[in-house]
Protein chains: 2
Amino acid sequence: MPQASEGPVPVVVMGLGFIGQNIVRAVLASPELKLVAAVDPAPRLLGASLGELVGREGIKLKVRGRLEEALGKTEGAVVLHATGSRLPQVAEQVLAAVKAGCHVVSTCEELAFPYLRHPELAERLDRAAQKARVAVLGTGVNPGFVMDRLVATLGQVCGPVRHAQVVRRVDARTRREALQRKVGAGMSEEEFFARLEEEALGHVGLVESAALCALGLGLDCDDFEEEVAPVFAEEDIPGGAYLVRKGQVAGVAQTVVGTEEGVERVRLELTIAVGAEEPSDRIVLDAEPRLELEIRGGVAGDAATAHAVVNAAPRVAAAEPGLLTVLELPAGR
Amino acid sequence: MPQASEGPVPVVVMGLGFIGQNIVRAVLASPELKLVAAVDPAPRLLGASLGELVGREGIKLKVRGRLEEALGKTEGAVVLHATGSRLPQVAEQVLAAVKAGCHVVSTCEELAFPYLRHPELAERLDRAAQKARVAVLGTGVNPGFVMDRLVATLGQVCGPVRHAQVVRRVDARTRREALQRKVGAGMSEEEFFARLEEEALGHVGLVESAALCALGLGLDCDDFEEEVAPVFAEEDIPGGAYLVRKGQVAGVAQTVVGTEEGVERVRLELTIAVGAEEPSDRIVLDAEPRLELEIRGGVAGDAATAHAVVNAAPRVAAAEPGLLTVLELPAGR
């Protein structure tokens with residue numbers, strides 16, 4: 001009989017922004033995990049009641065400022081980490097958790113596949129994790145699921161894949177305000193391109209998804225090209241965190257194309273815009289047999305990312321030590 | 001960087017019926033595997049040219065009658081096994097392969113989750129596999145993918161699942177003649193129920209899928225009930241291996257419901273009938289967030305089963321020893 005887990009896995013949530021708070025709530029709903037602490041370095045949160053912060057009664061925990069204090073005598077904990085999208089910004093936090101003997105599951109988008117943009121950091125994290133006998137994973141819904149792990153899973157029932165296409169359309173009104181701002185909703189065209197230049201705009205992690213997708217399907221892409229373009233509002237769009245007026249930017253359309261010796265093998269198209277019509281996730285694998293999958297409405301990002309992290313935690317705690325990708329995770333809970 | 005595999009894995013295909021021949025062709029298309037032998041106990045196939053049998057030139061192998069002869073000095077081979085649906089019929093073959101030091105990936109439907117119907121055989125296989133340090137897996141498209149592994153994978157991005165429903169509709173005209181006969185196409189109602197009584201009709205493995213589904217979603221079902229009903233042809237249906245006349249049986253509609261203390265948690269509905277309209281695979285998870293996935297046209301069973309077996313083989317060769325389920329397989333190739 002497949003093994004049942006041996007009691008709940010202790011977890012520490014690190015980073016108590018919007019996603020981190022969702023993670024806390026998802027942990028509380030999971031019979032597989034036990035919340036032992038929550039950490040955020042922001043002075044305004046120090047000592048705050050976690051229960052009040054996330055709107056759940058009966059949690060006695062207070063927010064701690066540092067992981068070391070929070071851990072106490074807990075052993076084999078998994079740190080559920082949600083503090084930033086760029087790996088160089090968060091690598092020291094992840095390393096500190098690893099050195100404290102914790103497994104890490106992080107929403108850091110660039111950690112989902114760091115070998116492409118940050119090979120040296122990836123190697124450093126992998127070495128540190130091996131040495132500490134813990135596992136480290138970057139995941140979420142995107143990157144981490146709809147444009148990579150799910151695609152690779154679908155590829156398990158077909159022959160050699162000639163081409164993979166994934167189209168994800170997200171109505172940003174269903175997402176947190178921070179994301180609406182991050183995709184440029186309400187900006188002028190000039191502002192959009194100025195912020196894009198500063199790398200302060202758009203979705204992080206599409207190239208990482210494309211690389212995971214290729215690896216998971218056994219495709220040998222040697223180049224990935226990304227394009228980011230604004231989507232404009234064709235009329236006033238209410239219903240988001242704020243009104244977006246006709247002619248303003250409504251969001252982004254990002255495309256990554258992965259090629260092998262100049263031949264396109266992977267195409268990921270992601271639109272995140274307020275008012276985006278017919279939100280959905282679609283995967284098409286050109287293979288034998290040809291496969292077309294659709295998730296109507298798409299996988300809702302903010303809630304689903306928290307659950308992706310929570311559901312991965314027990315698997316990561318049981319994994320071989322080192323830096324993992326979602327492609328190595330098993331299917332089941 | 002995630003490990004690349006160390007050269008192709010040697011495989012032996014055992015059972016050269018329709019599915020076994022598809023497996024041979026899928027092996028030839030996979031860069032991860034190397035076909036070293038093919039085995040079938042049928043005297044009419046003994047010594048036959050495998051290349052002629054599967055319609056592929058350049059294969060020098062002849063069909064062998066026994067695994068031991070076929071293996072020669074090959075070490076660490078994976079036997080791709082496709083000889084029967086019922087575990088008691090094939091368990092000795094699987095055990096023999098295990099004792100010969102081979103991993104096994106089998107299309108035997110009852111092996112996909114043998115703990116429910118054949119707990120003693122399951123334990124015997126697990127012990128033998130542990131002892132021989134090899135891994136054994138039952139997989140395919142159904143059971144093994146659309147109604148279990150894919151469902152569990154989808155469940156990775158939501159909270160506690162209240163209910164899971166999977167509806168699979170297959171137009172049996174797109175499948176092998178043996179399957180059209182197995183679902184009763186062309187029979188009278190009396191003949192259908194007589195064959196059903198003998199357990200000689202219908203899809204094997206739906207209860208196994210339901211059990212996998214529940215396990216993979218963290219649902220604690222304590223009972224599974226199966227119902228099998230005929231689907232009748234409302235008009236003459238051409239286009240299959242033979243004409244099915246109006247009023248004859250066109251195929252089966254099977255349902256398995258898994259309950260927990262009397263509350264329905266899992267519902268799998270499978271229709272396989274000649275002329276079934278709008279073939280598709282649909283999954284609905286009632287959870288936070290609610291998820292609805294559809295594969296238009298459905299995953300074509302015969303080709304996809306062969307590829308599921310082939311894509312699982314390198315993962316099984318690298319797995320911990322013992323009896324596995326598809327829930328333990330990683331997402332990627």
Which one wins on heavy-atom pair count under 4.5 Å against chain A: B:Ala152, B:Cys158, B:Gly216?
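Most pairs with chain A among the choices: B:Cys158.
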For B:Glu123, which residues count as a side-chain contact (heavy atoms from CB on, under 4.5 Å) partner, sequence neighbours excluded?
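Scan of B:Glu123 (side-chain contact (heavy atoms from CB on, under 4.5 Å), adjacent residues dropped) gives B:Arg127.
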Do any of residues 280-290 of chain B come closer than 4.5 Å to chain A, heavy atom to heavy atom, and if so which ones, in number order?
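Hits under 4.5 Å: B:Arg282, B:Glu288, B:Pro289.
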Considering only heavy atoms, which portion of [X] lies under 4.5 Å from any heavy atom of chain A: side chain, backbone, both, or neither?
X	result
B:Leu293	both
B:Leu154	both
B:Ala29	both

Compare every heavy atom of A:Ala308 with every heavy atom of B:Val157, then report the nearest pair and how far apart it is.
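Looking at all heavy atoms of both residues, the closest pair is CG1-CB, 3.9 Å.
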Where does A:Leu217 contact chain B at under 4.5 Å (heavy atoms): side chain, backbone, both or neither?
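Looking at A:Leu217, just its backbone touches chain B.
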Highest number of heavy-atom pairs under 4.5 Å with chain B: which of A:Gly297, A:Ala304, A:Ala306, A:Cys213?
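Of the options given, most contacts go to A:Ala304.
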Counting heavy-atom pairs under 4.5 Å to chain B, which of A:Gly332, A:Gly218, A:Pro160, A:Ala122 comes out on top?
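Ranked by contacts with chain B, first place is A:Gly332.
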Are any side-chain N or O atoms of [X] and backbone N or O atoms of [Y], one a donor and one an acceptor, separated by less than 3.5 Å?
X	Y	result
B:Gln156	A:Ala331	yes
B:Arg333	A:Gly155	yes
A:Glu328	B:Pro330	no

Might you confirm whether atom CZ of A:Arg133 has over 12 heavy atoms from other residues, nucleotides or ligands at distances under 6.0 Å?
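No, not enclosed.
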Quick one: pull up CD in B:Glu292 and CZ in A:Arg296 and give me the separation to the nearest 0.5 Å.
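Taking CD in B:Glu292 and CZ in A:Arg296, the distance rounds to 5.0 Å.
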Residue-level contacts of residues 139-150 of chain A with chain B, using a heavy-atom cutoff under 4.5 Å
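Within residues 139-150 of chain A, the residues that come under 4.5 Å of chain B (heavy atoms only) are A:Val141, A:Phe145, A:Arg149, A:Leu150.
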Residues forming a salt bridge (Lys or Arg N to Asp or Glu O under 4.0 Å) with B:Arg124, sequence neighbours excluded:
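Once residues adjacent in sequence are excluded, the partners of B:Arg124 under the salt bridge (Lys or Arg N to Asp or Glu O under 4.0 Å) criterion are B:Glu92.
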